[in-house]
Amino acid sequence: MTNWQDEAEKIRPQLLSDLKTLLAIDSSRDVAHQTDEFPLGPGPAKALQAMLAIAKRDGFDTLNVDNVAGRIAYGTGDEIFGLFGHMDVVPAGPGWDTDPFTPVEKNGRLYARGSSDDKGPSIAAYYALKMVRDMGLPVNKRIHFIIGTDEESAWVGINRYLEKEPTPDFGFSPDAEFPIINGEKGIATFAITFKPQPAAPSALTLTKFTAGLRVNMVPQSATATLSGKVPADLASLISKKDQQPGITVSSEPTADGIAITLIGKGAHAQEPKDGINAATHLAALLADLDLDPAGHAYVQAIAAHMHEDSRGHLLGINHTDNLMGELTASPDLFAYSPNGEQSVMLNVRYPQGVTPDQIIAAITKTLGAANVSVEVSGHAQAPHYVPSDDPLVKTLLDVYEKHTGQPGHEQVIGGGTYGRIIKRGVAFGALMPDAENVMHQANEYMSIDSLIQAVAIYADAISRLAK
């Protein structure tokens, strides 16, 4: 009987070496520098090429699809078993203790952007596949390890792949947590655009409000600039806000007013409670000032209907499903200028039983059709669920229980993984249930021992599912 853990330990040095190569590449989406050759920017393509080069070095058949997706293939058979990983990362953002693209080993952890989401788990799944091949274990299915480069944004890579290449019959994505993710809430980002307001005299004018890096990240920092007569009590309001746990506020005078920057805590938008939303806190700080009508309408809407309300009650969009749980709402991108864009991008993870159109109607009713327009930005992803009695789910839970000694159970999350791109697709690891989730946060890391354990779990799972 195979001792998967012992076999996984043998590849620890090579796995870490290859993973560090991948982590050193800043592969965040960079369409500002896109070209015909690199549609998502050079970074994602470079990381994809590096991953495919590792597989080619090891003797696998590889395919590069337009520098936005790739495939590592092994085995023969009528069915296709899919593995789905991604090489892109969210922007590093502020707050790192080390260079986010210089991997650092410390206290049994590997720190770098992408170590946990998703280069670390992807390389673990790759080495698991390699282990199955090198051990000569029986395989009667085609195994396609499909690699995307835009999972954190618009899924350009995986969608391009599925347009050109065959869709797997079933499979899993190593891009979440154990014991399994067999359900995912729907995901949509709603663009809330504010309409012009009639002018009126005011002591202060909001001249700028910006926050956020991506629509799936709780903003860690926010900045506002004000022109006009700065009220005497503003310094005390800033001081009071600065004393709140986890918040830092700074200000500096400008030629015609003041600039205020608030620092909170970034987090993955699937659970806004894990972060401290710098933008809504800043809006709450500004909401009681004598601002111009447009500026007041903007910060007041944020403070009254989006601040410290991760379940959407204040916007009237809250909804709970017995299977999938609660809707979550995370305002993540903010842009305001007096004569330019005035918007909030609201990322919503919604369970079955509610639709994007219903959410739009509710937000519009709450904020007022005369004040805002609301629409889905991009496309909405519908809720996804693979029943717990599906053989794929049952097999993966059995593998998890065997390797950990812990009971397996189904889970539904607000995150979105490539598991949802096929009907019989799930997410499986690599984060252990008791591990800290630092995806999309500063100082992202992955336990090295957990990665090696994931190799063992994935190899066992691939062996069973591909027989």
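We number each residue from 1, following the sequence as shown. Computed over heavy atoms, backbone and side chain alike; hydrogens, waters and symmetry mates excluded.
Contact check for Tyr418 versus His86: side-chain heavy atoms found under the 4.5 Å cut-off. Side-chain atoms of Lys208 and Ser337, non-hydrogen and from C-beta on, never get closer than 4.5 Å to each other. The shortest distance between side-chain heavy atoms of Leu204 and Asp290 does not fall below 4.5 Å. Residues Met439 and Asp118 have side chains not in contact (no heavy-atom distance under 4.5 Å, counting atoms from C-beta outward). Looking only at side-chain heavy atoms (C-beta outward), Met324 and Pro383 come within less than 4.5 Å of each other. Side chains of Ile421 and Ile146 form no contact here, defined as non-hydrogen atoms less than 4.5 Å apart. Side-chain contact between Phe334 and Thr280 is present, with heavy atoms from C-beta onward closer than 4.5 Å. Here the side chains of Val438 and Asn443 are not in contact, with every heavy-atom distance at 4.5 Å or above.
For the atom pair CG of Leu213 and CD of Gln220, the computed distance is 8.5 Å after rounding to the nearest 0.5 Å. Rounded to the nearest 0.5 angstrom, Ile413 CD1 and Ile181 CD1 are separated by 4.5 Å. Put simply, CG on Asp66 and CZ on Phe38 are 12.5 Å apart, with the number rounded to the nearest 0.5 Å. The CE atom of Met432 sits 14.0 Å away from atom CG of Asn437, with the distance rounded to the nearest 0.5 Å. Tyr385 OH to Gln352 CD: the interatomic distance, rounded to the nearest 0.5 Å, is 8.5 Å. To the nearest 0.5 Å, atoms NZ (Lys365) and CD1 (Ile317) are separated by 14.0 Å.
No more than 12 heavy atoms of other residues, nucleotides or ligands shown are found within 6.0 angstrom of NZ on Lys46. Around the CG atom of Asp288, the shell of radius 6.0 Å holds no more than 12 heavy atoms that belong to other residues, nucleotides or ligands.
Between Ala224 and Leu206 the shortest heavy-atom distance is CB-CD1, 4.1 Å. Residue Arg214 comes nearest to Ser153 through the heavy atom pair NH1-OG, 3.4 Å, listed as atom of the first residue, atom of the second, then distance. The two residues Leu282 and Leu262 come nearest to each other via the heavy atoms N-CD1, 3.9 Å. Across all their heavy atoms, Val455 and Ala128 have their closest contact at O-CB, 3.5 Å. Of all the heavy atoms in Pro219 and Pro331, the pair that sits closest is CD-O, 3.6 Å. Here the shortest heavy-atom pairing between Tyr336 and Gly295 reads OH-N, 3.1 Å.
Judged purely by atom type and a 3.5 angstrom limit, Glu444 uses its side chain to pair as donor or acceptor with the backbone of Ser115. Within the 3.5 Å criterion, the main-chain N or O of Pro407 finds no donor-acceptor partner in the side chain of Tyr400. In this structure, Arg160 contributes its side chain and Trp155 its backbone to no donor-acceptor pair below 3.5 Å. With His384 contributing its side chain and Gly425 its backbone, the two residues share a donor-acceptor pair below 3.5 Å. Between the side chain of Asp88 and the backbone N or O of Pro44 there is no donor-acceptor pair closer than 3.5 Å. In this structure a side-chain-to-backbone donor-acceptor pair under 3.5 Å is present from Gln342 to Pro338. With Glu326 contributing its side chain and Asn318 its backbone, the two residues share no donor-acceptor pair below 3.5 Å. Of the possible donor and acceptor atoms, none in the side chain of Glu177 sits under 3.5 Å from a partner among the backbone N and O of Phe428. Thr261 places no side-chain N or O within donor-acceptor distance of the main-chain N or O of Ser250, the cut-off being under 3.5 Å. At distances below 3.5 Å, not a single donor-acceptor pair connects side-chain atoms of Ser173 with backbone N or O atoms of Ala427.
Taking the ring pair (Phe, Tyr, Trp, His ring centres under 6.0 Å) definition, one finds that Tyr161 meets it with nothing, sequence neighbours left out. Under the side chain to side chain contact (heavy atoms under 4.5 Å, CB included) criterion, Ala154 pairs with Arg29, Asp150, Val156, not counting sequence neighbours. Scored by the side chain to side chain donor-acceptor pair (under 3.5 Å) test, Ser330 finds Asp332 as partners (sequence neighbours excluded). Partners of Glu105 by side chain to side chain donor-acceptor pair (under 3.5 Å), not counting sequence neighbours, listed by chain and number: Lys20. Checked against side chain to side chain contact (heavy atoms under 4.5 Å, CB included), His403 has the following partners two or more places apart in sequence or in another chain: Trp4, Val399, Ala456, Ile457, Asp460. Take Asn347 and apply the side chain to side chain donor-acceptor pair (under 3.5 Å) test, not counting sequence neighbours, and it matches Thr189, Arg349.
If you run side-chain contact (heavy atoms from CB on, under 4.5 Å) between Ile192 and each of Ile302, Ile363, Thr364, only Ile363 comes through.
Classification of the His307-His281 ring pair by plane angle, with boundaries at 30° and 60°, yields perpendicular. Taking the six-membered ring for Trp and thresholds of 30 and 60 degrees, Tyr298 and Phe209 have ring planes more than 60 degrees apart, a perpendicular arrangement.
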Q. Does the pair Met306 and Leu315 meet the rule for a side chain to side chain contact (heavy atoms under 4.5 Å, CB included), with working shown?
A. CA-CA 7 Å; Met306 304 178 202; Leu315 280 170; 4.3 Å; yes
**Q.** Criterion side-chain hydrogen bond (donor to acceptor under 3.5 Å, both in side chains) on Gln49 and Asn64, from CA distance to verdict
**A.** CA-CA 8 Å; Gln49 292 167 359; Asn64 184 327; over 6 Å; no
Q. Can you list the steps and then say if Asp18 with Tyr126 is a side-chain hydrogen bond (donor to acceptor under 3.5 Å, both in side chains)?
A. CA-CA 11 Å; Asp18 287 340; Tyr126 168 74; over 6 Å; no
Q) Given the rule in the side-chain hydrogen bond (donor to acceptor under 3.5 Å, both in side chains) test, do Thr225 and Thr207 qualify, once you have shown the distances and angles that lead to the verdict? A) CA-CA 6 Å; Thr225 57; Thr207 55; 2.6 Å; yes
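For residues 178-187, the side-chain hydrogen bond (donor to acceptor under 3.5 Å, both in side chains) pairs, not counting sequence neighbours, are Asn182-Glu410, Glu184-Thr417, Glu184-Arg420. Judged as a salt bridge (charged side-chain N to carboxylate O under 4.0 Å, His left out), the pairs with a partner in residues 268-284 (not counting sequence neighbours) are, in order, Glu271-Arg311. Listed by first and then second residue, the ring-ring contact (aromatic ring centres under 6.0 Å, His included) pairs that reach into residues 251-279 are His268-His440, sequence neighbours excluded. Listed by first and then second residue, the side-chain hydrogen bond (donor to acceptor under 3.5 Å, both in side chains) pairs involving residues 33-42 are Asp30-His33 (not counting sequence neighbours). Every pair tested for side-chain hydrogen bond (donor to acceptor under 3.5 Å, both in side chains) that includes a residue from residues 191-204 fails, sequence neighbours excluded, so the list is empty.
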Residues 370-379, side-chain donor-acceptor partners within the protein, below 3.5 Å, at least two apart:
from: Asn371; atom 1: ND2; to: Leu367; atom 2: O; distance (Å): 2.8

